[in-house]
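Only one structure is covered here, and it is reproduced in the block below.
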Amino acid sequence: MSDENQGGWERVRSRLRAEVGDDVYSSWFARMDLEAIEEGAVRLSVPTRFLKSWIQNHYAERVLACWQAEDDTIGRIELTVRSAVLKNAVVAKPKLEVPAGGDIGNRFGNSMAGRPMSAGDPGVHEALGGSPLDARLTFDSFVVGRSNTLAHAAAKQVAAARRTDPVMFNPLYIHAGVGLGKTHLLQAITWAGNAAGERKVLYLTAEKFMYGFVSALRTQTALAFKEALRGIGVLVIDDLQFLQGKSTQAEFCHTLNALIDAGRQVIIASDRPPSDLESLDDRVRSRLAGGLVVEMGSLGEELRLEILKARVQAARAYHPTFDVPLPVLAYIAKTVTHNGRDLEGALNRLLAHNKLTGHAVTLEMAEREVRDLIRPQEPKRVKIEDIQRIVARQYNVSRSDLLSSRRTANVVRPRQVAMYLAKTLTLRSLPEIGRRFGGRDHTTVLHAVRKIEGLVGADMALAEEIEILKRQLQE
Ligand code: ADP
Ligand code: MG
C-alpha cells in the first residue's frame, strides 16, 4: 500500500476518532485496518464478524463520510473480516472457559488493575464479578400483594427455568418507582437461580456494567469482556436507567442482542418503561419492549403491613426481645410513604430506640420516631388538643368543661362529639383517648363513639356540624 494511502488513512482515523469520541473509537475502530483502495472503493478489515456487522449497521455512513472528506472520489466502503492466519499479528481468540462451579458472578474484584487480561484469565471473571448481593433479598422474604403479583410470578418462573427449557419471555423487564421491590426481586432471582445450579446467574447494577466495560476497555480487552459475558446463563441488570455514555449503551445493546439470540435469559429492572429510556436508541428500546414488560405498582397499605410484619419477624432472629405491637405496625403502614425503604427505615429506628433505651415500642414512641417519614401529602395529622379546642369553641363551652366530670347536657354532647372525632381522626386507642379526656374509662369513650355514630345517621344537623368540625380540623 502506498504511503499516500497510508497517510490518508491516518487522517481518516483521526477524523473518525474526533467525531465518535475516544470510547466509541477504541471499542469499535481500534482494530480496523485499511486493506486497499480500488476504483472508488475502500476496503477495510476488522478481526471479527461481529465487529464487521456492528460497524456496518451503525457506522457505515460515518466511515464513508470521513473518507469522502479526505478523497471525494470514494464512493463506497467494503468491510471484510481478516483471517488470523493471514495476519499473524492477530492472535486467535481464546475460547472462554467458565471455571468449574461457574464462578463468574457475585464477587467484587479489581485484581485486574494494571494487568492485561485474556478471556481465559480468572481476572476476567473477577472483573465481571457481579454486584454484591444482600442475603436478605430472597423469594422467601418477598411479600406478594396485588401490585407485584405478576412481576413475582414472572420472576419465579425465570428463576426456576432449566437450561433446556424454552425461554418464555426475553428480556423480562420490570419497572417500578423507587423502593418498590425491584432490587429485591432481581436478587431473589439471582439467589434462587444460582442455588438451583442450572444456569449461572450474574447480577450487575448498570454502574457495575459500565465499570466492568470501561476497565476492560482500558486494558483493551473489550472482546474478552464480551466473550465472558456470553458465558453467562442469565444476566440480570439492575437500574438500567443509570446506563450512560454512548459506547456503554452500544455495548449494552450488543450484549443484549448476543444473549437473547443465544437463548440466554436477560432480566432488567428500571425505574421507567422501555419507551421512556430516552438515551437509548429506538432499536434497543424496541428490543427491551419485545419481551415481557411488567410494572410493579406502589405498595398498598395491606402489603405494607405484611412487609412490616415479616420484617419484625426477621429482626427477631437477631433481637429476640424486639416486639412491635400490631397497632404500631398498622400506624406505620398507614402513614409512612409507599416506599419499602422508608418502611425499613421506620422499623430500624424503632429497633434502635428499643435497643438503646430499653423502652418497649409504643405508638407514641413510633409517632415521634418516624415523624419525618410520614407522607407529606397525607392529610394533616389531627391532635386531640385541637379537637378539644375546636369543639369547645363550636359549642361555646370551655376545654376544661370537656375534661371535667360535669354531666349536664350542654357539656355531655360536645364531649361525646370530641371523643368521637378523636377516635375517627387520630390513631389513638380508646384507653388513650379516655386518659386525655380527664382520665375516663375506655368504655366511656366507646359509649360516646357509638352514641354519635348512631345519631349522625338520623340527625342531619348533627351530621353536618360534625362535617364542619372535621373540615376545620383537617385544614
Ligand atoms: P427498588 O429496587 O425498587 O428501589 P428495593 O428492592 O430496594 O426497591 O426495595 C426497598 C426495600 O423494600 C427493601 O428493603 C425491600 O426488601 C423492601 N421491599 C420492597 N418490596 C417488598 C416486598 N414485596 N416484600 C418484601 N420486602 C419488600
Ligand atoms: Mg433498586
Side-chain angles (χ1 to χ4, degrees), residues 98-113 115 117 121-143 151-152 155-156 158-159 171-172 174-176 178-216 218-219 225 228-229 231-244 248 251-252 255 259 264-271 296 307 310-311 314-315 317-318 339-345 347-348:
V98 179
D103 206 13
I104 280 190
N106 306 329
R107 270 200 285 152
F108 252 148
N110 54 2
S111 62
M112 58 181 289
R115 174 157 77 89
M117 301 186 304
D121 188 328
V124 174
H125 309 138
E126 299 226 324
L128 272 180
S131 304
L133 295 180
D134 183 332
R136 295 169 307 176
L137 304 182
T138 62
F139 280 122
D140 282 344
S141 61
F142 191 85
V143 184
H152 174 260
K156 272 272 193 188
V158 164
L172 168 59
I174 297 173
H175 66 101
V178 168
L180 301 184
K182 300 181 296 294
T183 296
H184 193 142
L185 209 48
L186 260 49
Q187 296 205 2
I189 295 174
T190 310
W191 285 118
N194 282 332
E198 269 282 327
R199 300 179 298 177
K200 179 69 207 164
V201 186
L202 181 65
Y203 171 88
L204 293 172
T205 60
E207 271 150 331
K208 189 78 181 171
F209 183 86
M210 289 190 277
Y211 161 78
F213 183 56
V214 170
S215 337
R218 235 174 258 144
T219 49
F225 179 81
L229 264 190
I232 287 155
V234 180
L235 179 66
V236 180
I237 296 191
D238 201 355
D239 284 327
L240 186 69
Q241 73 275 9
F242 293 136
L243 200 70
Q244 269 159 12
T248 314
E251 181 57 22
F252 168 72
T255 305
L259 289 171
R264 312 291 169 71
Q265 179 73 55
V266 177
I267 301 154
I268 284 163
S270 169
D271 70 351
M296 289 199 285
I307 291 175
R311 285 284 166 132
Y318 302 94
N339 181 325
R341 253 168 245 175
D342 288 344
L343 290 180
E344 192 181 14
L347 271 190
N348 285 343

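Only a predicted model underlies this, so the values are computations on that prediction, with no experimental measurement involved.
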- prompt: Do the non-hydrogen side-chain atoms of Y203 and I189 ever get within less than 4.5 Å of each other?
  reply: no

R311: partners by salt bridge (Lys or Arg N to Asp or Glu O under 4.0 Å), with sequence neighbours left out: E344

query: Do you know which two heavy atoms are closest between R264 and G233, and how far apart they sit?
result: CB-O, 3.4 Å

query: Is the backbone of S270 close enough, under 3.5 Å, to the side chain of D239 for a donor and an acceptor to pair up by distance?
result: no

- prompt: So do N194 and R199 actually touch side chain to side chain, heavy atoms under 4.5 Å?
  reply: no

- prompt: Rounded to the nearest 0.5 Å, what separation is found between the CG atom of L180 and the NE2 atom of H175?
  reply: 11.5 Å

task: Please step through side chain to side chain contact (heavy atoms under 4.5 Å, CB included) for the pair L137 and T183, ending with a clear verdict.
output: CA-CA 8 Å; L137 304 182; T183 296; 4.2 Å; yes

field: Gap between atom OG1 of T138 and atom CH2 of W191 - 0.5 Å precision
entry: 9.0 Å

Pairing residues for D134 by the salt bridge (Lys or Arg N to Asp or Glu O under 4.0 Å) criterion, not counting sequence neighbours: R136

- request: Mark yes or no for whether K182, through its side chain, and I174, through its backbone, hold a donor-acceptor pair below 3.5 Å.
  value: no

- prompt: Would H184 and S141 count as having a side-chain donor-acceptor pair, cut-off 3.5 Å?
  reply: yes

field: Which residues share a ring pair (Phe, Tyr, Trp, His ring centres under 6.0 Å) with F139, sequence neighbours left out
entry: H152

task: Kindly determine whether V178 and N339 satisfy side chain to side chain contact (heavy atoms under 4.5 Å, CB included), including the steps that lead there.
output: CA-CA 7 Å; V178 168; N339 181 325; 3.7 Å; yes

message: Donor-acceptor pair, distance only, cut-off 3.5 Å: does the side chain of Q241 make one with the backbone of D271?
response: yes

From CD1 (I307) to CG (L347), nearest 0.5 Å: 10.5 Å

message: With a 4.5 Å cut-off on side-chain heavy atoms, are T190 and L133 touching?
response: yes

message: Do V266 and I237 make a side-chain contact, defined as non-hydrogen atoms from C-beta onward lying under 4.5 Å apart?
response: no

field: Working for side chain to side chain contact (heavy atoms under 4.5 Å, CB included), residues L202 and V236
entry: CA-CA 6 Å; L202 181 65; V236 180; over 6 Å; no

- prompt: Can you name the nearest heavy-atom pair linking D238 to A269, along with the distance?
  reply: OD1-CB, 3.6 Å

statement: Rounded to the nearest 0.5 Å, the CG atom of L243 sits from the CD1 atom of I268 at a distance of 9.5 Å

message: Ignoring hydrogens, what is the shortest heavy-atom contact between L185 and A155? Give both atom names and the distance.
response: CG-CB, 3.8 Å

message: If you define the side chain from C-beta out and look only at heavy atoms, does anything of L172 sit under 4.5 Å from Q265?
response: yes

